[in-house]
Amino acid sequence: MDWQRIRDDFPILQQEVNGHPLIYLDSAASSQKPRSVIQALTHYYERDNANVHRALHALSMRATDGFEAARRTVARFLSAASENEIIFTRGTTEGVNLIANAWGSANLKPGDVILSTGMEHHSDLVPWQLAAQRTGATLKHIPVLDDGTLDMEAFEKLLTPEVKLLALVHISNSLGTINPVREMCAKAKALGATTFVDAAQSAGHIPLSVEDIGCDFLAFSGHKICAPTGIGVLYGRMAVLENMPPWHGGGEMILTVTLDSCTYKAPPARFEAGTPDIAGAIGLAAAIDYLEAIGLSNIEQHGLQLASHALEKLGSIEGLRILGPKTGPRGSLVSFHCDFAHPHDIVEWANTYGIAMRGGHHCTQPLMKRFKVPGTTRASFYLYNTTHEIDRLAEVLESARKFFS
Amino acid sequence: MDWQRIRDDFPILQQEVNGHPLIYLDSAASSQKPRSVIQALTHYYERDNANVHRALHALSMRATDGFEAARRTVARFLSAASENEIIFTRGTTEGVNLIANAWGSANLKPGDVILSTGMEHHSDLVPWQLAAQRTGATLKHIPVLDDGTLDMEAFEKLLTPEVKLLALVHISNSLGTINPVREMCAKAKALGATTFVDAAQSAGHIPLSVEDIGCDFLAFSGHKICAPTGIGVLYGRMAVLENMPPWHGGGEMILTVTLDSCTYKAPPARFEAGTPDIAGAIGLAAAIDYLEAIGLSNIEQHGLQLASHALEKLGSIEGLRILGPKTGPRGSLVSFHCDFAHPHDIVEWANTYGIAMRGGHHCTQPLMKRFKVPGTTRASFYLYNTTHEIDRLAEVLESARKFFS
Amino acid sequence: MSPEELRDLYQSVILDHSRKPRNHGEIPPPCLHAHGDNPSCGDEIDVWVKLDDQNHIADIKFTGQGCAISQASASMMTVKVKGQSTAAAAAMREDFRRVVMGDGKPQDEDALGELTLLEGVQKFPQRVKCAMLGWRALEQALEAPAR
Amino acid sequence: MSPEELRDLYQSVILDHSRKPRNHGEIPPPCLHAHGDNPSCGDEIDVWVKLDDQNHIADIKFTGQGCAISQASASMMTVKVKGQSTAAAAAMREDFRRVVMGDGKPQDEDALGELTLLEGVQKFPQRVKCAMLGWRALEQALEAPAR
Ligand SMILES: Cc1ncc(COP(=O)(O)O)c(C=O)c1O
Ligand SMILES: Cc1ncc(COP(=O)(O)O)c(C=O)c1O
């Protein structure tokens, strides 16, 4: 795989920032888009755009075909049993809220436990806090160990028959930890719990199969896997989806409506009220096609290589402490604390040299408290990054250390 | 205004369908996009794309600036008092659901009345049915008269002190009726009710001012006003928004989070959990700029002229009955019933001649029942349509009449 | 789609059935009945069936509303299945599905008779469910409990 | 942003204040106190103030955590406002805001003294709220009920 050539597919990378070639190390926040995805949007708007469903004119049929083909592409991408298990959302956050509301309202009651972890993104934490408030269920968290992995002993203890839902992140956006979601879902399912995996950081980075993971729900965001902003996916096992009441009401999710009542369509339509982000779904399919042409296993390897290189290079900088696992597989990001400067000062410094990173709590405030840091600086990688860029980052961090110390 | 020239701004219109120049008469379902909007998307993805907020690197700052500038553009477009009254949604449907949930859960109780009309789109009906079920409030509907206008005498009677919310459509997507939203909101407000206007069919078609209408909430969809799919707007008066609990939980809507609880940001952030459709918002601003450059009053006049022309031309076809007001101002669409053929046969016939229309219930099943039709055929217009296209439609409908009779 | 293909879709026999549906009406109980609809477009067909003691369709009627294709197809179906065994009707349904979807040759083209005129639907995939609506209702009626 | 502008932002005086904050710590009650934070980045400043009977700032201390700009700015602020009247402190805050936002000339540049070194913030608009954080906390403290 010629990773250098991949960079040519991304128009945005061909620019200078503050007089330096852009080094984009913020893909965990949002990824860049290859030309083929941008063209899929342009093509759609210049040739096929119309509203979907109940389509009898040519444009509307083309738009509907493109939209539903995108659903099939996503189903294949996740190894879902059927495309009807694919619900289009705005992103991971909306997916979690959908489950917390539609599934939660029908399945949670006082005494029930929602089991989550201490390393969840706010988007997989706040919806459960709200669901707990509404339903009287209790929210519990599997603690995080010093090495950034989950306390599996504590998990075994917390996993009681009261646990109705296990909600956990696949790859932590703040630590890079890869959680053993398959084993954990299997244990939870054995006790009759429903399972949700937040795949915001794993989708598009490693091969992903809901069949293999064995979860009931899984969510990810298109914008993090080379697709447009505004589109995401919630996968739900049909046996679970079928028994869920709707959440958003509106056009396209109903069968028949009178002024007083209505009946609902089967999933996925039941959960897709209103005009969807048609172009976004088509762009998402283009992104998946792009990633699959390169190969998810190749992308995974490349990502791991970048992370290992960063661990080594950044790990040797004085006063810089990397959070999360130091050995073994990890997500393609490093999150670190510098004793010589605050994350914002580091990010500002790096930006002056054309390097884009993110500093702060990364929407994981409880985790930052757990590690007693006000925030971290995070360099996150994707298929278009190179070890050379990481070398340059190390140089710039070294210069920051000298300047701020 | 050279309306013929406007057509050149829309790449999609330069195509043939089934060997005939495309005549797109389905803008009430979704509008086409001018080149400037498509370019705004391309430009964003090729130059500025990054996640917004907590932005310290160059791309992220540009993305944040673009996104927040779009909010100001929308605020100006609606004459809102502040850009903080603008919440980005996926579309009208999500906007209604947001109010029905966030506002509804805090403000509706048994005995309260939600007053709506018999001509609402399912998206402004089903969310209120669900809210009524959840809260014990009662949903009532202002009847529709034979001429397609609201029964204003019935409105006066239905408007009791129990009415906590008036939710009504500005321009009916199935009739073309323009409701007197200003007067109705004023009367409802005088009784202390909160007011919502569904502007899905009026935004981008006529000048729109929340100050003038005097409503508390107003929603519209970007995709119907030349903007990308996946983006929409909910306007909320700050005094009302401030007192609303959140709905979706997640990143970006919280101030501080512990594992057990959190505090929320002020509006609009409180209602925008997760990564928003950044490119969509920027595309929406480009669409508004485009429409404002042409002038909303000009667009309104053009739309009325097209509707009048269609009333005249189609009205003279034997066996064709037009629904909705026959005189005075109306939305830029005509919805009709043909005694010689079913809407789907008509739409299919027209499509063969390159004409795109929609046939069916248009997500207003109760209204179809009210007018005792299984559905209608709808020709809907926008700034890129011409009277010549309507003449052609009349010819094709005449040929359908001959064929099917 | 050319105007020719459109005229193929709406052949005069088809339009004739849609304007003057055969076997239109209801059968009073006891009989088998099912309601079929395409919620996405609003087409509706109700089918009433009376079986004899050898499981032959002794009588069949339908009512409904919708596009010419759905109504004509239902009308033509009632003509063809009347007097047939339920097994023969099921075979005919499968053959008819092949015709309208362009999904291989029907097993017994002759049995379909003028129903094959609906093969124009092949060119209009979004109309397949219109053509199949009556047949779906018949299938459900045959599985329904007698009333 | 050039490295030169960055060095302007982080002048040695500023870094010195951020590394060795002046007036660091708490004042025991009775005093005025406020907590300020930038939730979006996590910076925090607590300010404690003791007024004398002529409404002059007899003592001021702060604690906090965050970027060099927010902490240095707070430290420099405490040095400058100590001994000043609350009115003078308010005028200084407004002048300082002008400097960091590049929003016109300050009324009394001399009073600001080394605080003007933070004018490099102008080039980094997203850091304005960092520079203003301590001042916002002071403003709130002066409006807070004594405790
Ligand atoms: C009057 C009206 N309200 C609401 C909607 C729903 O809009 P959307 O599907 O974009 O959410 C529509 C669009 O079909 C409409 O015409
Ligand atoms: C682990 C994780 N979960 C959830 C989210 C939320 O995704 P989105 O903002 O796209 O809804 C993110 C992205 O920041 C994430 O990293």
Side-chain angles (χ1 to χ4, degrees), chain A residues 11-12 17 26 29-30 32-33 38 41-42 45-47 49-51 54 56-59 90-91 93-94 97 121-123 125-127 129-130 141 221 223 228-230 248-251 254 256-259 261-262 273-275 277-280 344 347-348 351 356-357 359-360 363 365-366, chain B residues 11-12 17 26 29-30 32-33 38 41-42 45-47 49-51 54 56-59 90-91 93-94 97 121-123 125-127 129-130 141 221 223 228-230 248-251 254 256-259 261-262 273-275 277-280 344 347-348 351 356-357 359-360 363 365-366:
Chain A
I12 203 169
V17 164
D26 195 22
S30 199
Q32 296 307 340
K33 323 300 175 201
I38 303 172
L41 294 179
T42 307
Y45 286 125
E46 291 190 350
R47 304 241 314 247
N49 175 67
N51 212 327
R54 283 196 305 282
L56 287 174
H57 65 77
L59 267 48
R90 180 169 35 243
T93 303
E94 193 184 19
N97 279 279
H121 189 280
H122 295 165
S123 290
L125 170 59
V126 182
Q129 292 181 344
L130 293 171
H141 309 276
S221 303
H223 70 93
T229 58
H248 293 200
I254 52 83
T256 55
V257 189
T258 67
L259 285 175
S261 69
C262 60
T275 303
D277 185 359
I278 307 163
H344 292 158
V347 168
E348 190 80 78
N351 182 53
M357 285 191 295
C363 291
Q365 287 185 13
Chain B
I12 203 168
V17 164
D26 195 20
S30 200
Q32 297 305 340
K33 323 302 174 200
I38 303 172
L41 294 179
T42 308
Y45 286 126
E46 292 190 350
R47 303 242 314 246
N49 174 68
N51 212 327
R54 283 197 304 280
L56 287 173
H57 65 76
L59 266 49
R90 179 168 37 244
T93 304
E94 193 183 20
N97 279 278
H121 188 280
H122 294 165
S123 290
L125 171 58
V126 183
Q129 292 181 345
L130 293 171
H141 309 275
S221 303
H223 70 94
T229 58
H248 293 202
I254 52 84
T256 55
V257 188
T258 67
L259 286 174
S261 69
C262 59
T275 303
D277 185 357
I278 306 163
H344 292 158
V347 169
E348 191 79 78
N351 182 53
M357 284 190 297
C363 292
Q365 289 185 13

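Letters A, B, ... mirror the listed sequences (proteins, then strands); counts begin at 1.
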Side chains of [X] and [Y] in contact at under 4.5 Å (non-hydrogen atoms):
{"X": "A:Asn351", "Y": "B:Leu56", "value": "no"}
{"X": "A:Asn51", "Y": "B:His223", "value": "yes"}
{"X": "B:Glu348", "Y": "A:His57", "value": "no"}
{"X": "B:Pro11", "Y": "A:Tyr45", "value": "no"}

Ignoring hydrogens, what is the shortest heavy-atom contact between [X] and [Y]? Give both atom names and the distance.
{"X": "B:Ala50", "Y": "A:Ser30", "answer": "C-CB, 4.3 Å"}
{"X": "A:Thr229", "Y": "B:Gly280", "answer": "OG1-N, 4.2 Å"}
{"X": "A:Ser123", "Y": "B:Gly251", "answer": "OG-N, 3.0 Å"}
{"X": "B:Gln129", "Y": "A:Ser261", "answer": "NE2-N, 3.2 Å"}
{"X": "A:Pro366", "Y": "B:Thr258", "answer": "CG-C, 3.9 Å"}
{"X": "B:Leu259", "Y": "A:Leu125", "answer": "O-CD1, 3.8 Å"}

- Item | Proximity of B:His248 and A:His122 rings by center, below 6.0 Å |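 Ring-ring flag for B:His248/A:His122: false, centres at least 6.0 Å apart.
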- Partner chain B: residue of A:Thr93, A:Leu41, A:Asn97 with the largest heavy-atom pair count (under 4.5 Å):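 Counting heavy-atom pairs under 4.5 Å, the top option is A:Asn97.
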- Task: Against chain B, work out which of A:Gly230, A:Ser221, A:Gly91 has the most heavy-atom pairs shorter than 4.5 Å and name it.
- Result: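 Counting heavy-atom pairs under 4.5 Å, the top option is A:Gly230.
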- Item | Side-chain ion pair, B:Glu46 and A:Lys33, N-O less than 4.0 Å |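 Judged by the 4.0 Å cut-off on N to carboxylate O distance, B:Glu46 and A:Lys33 do not form a salt bridge.
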- If you tally heavy-atom pairs under 4.5 Å against chain A, which of B:Ile38, B:Val17, B:Thr256, B:Val257 wins?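 Most heavy-atom pairs under 4.5 Å with chain A: B:Val257.
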- Message: So which residue, B:Gln32, B:Met357, B:His121, ends up with the most heavy-atom pairs under 4.5 Å with chain A?
- Response: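 Ranked by contacts with chain A, first place is B:Gln32.
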- Query: In terms of heavy-atom proximity below 4.5 Å to chain A, should B:Asn49 be classed as side chain, backbone, both, or neither?
  - Reply: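 For B:Asn49, the contact with chain A is made by backbone and side chain together.
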- Message: Counting only non-hydrogen atoms closer than 4.5 Å, does B:Ile278 touch chain A with its backbone (N, CA, C, O), its side chain (CB onward), both, or neither?
- Response: both
- Criterion side chain to side chain contact (heavy atoms under 4.5 Å, CB included) on B:Ile254 and A:Gln365, from CA distance to verdict: CA-CA 10 Å; B:Ile254 52 84; A:Gln365 287 185 13; 3.9 Å; yes
- Message: Quick one, B:Leu59 with A:Ile12, criterion side chain to side chain contact (heavy atoms under 4.5 Å, CB included). Give me CA distance, side-chain angles, the key distance, then yes/no.
- Response: CA-CA 10 Å; B:Leu59 266 49; A:Ile12 203 169; 3.9 Å; yes
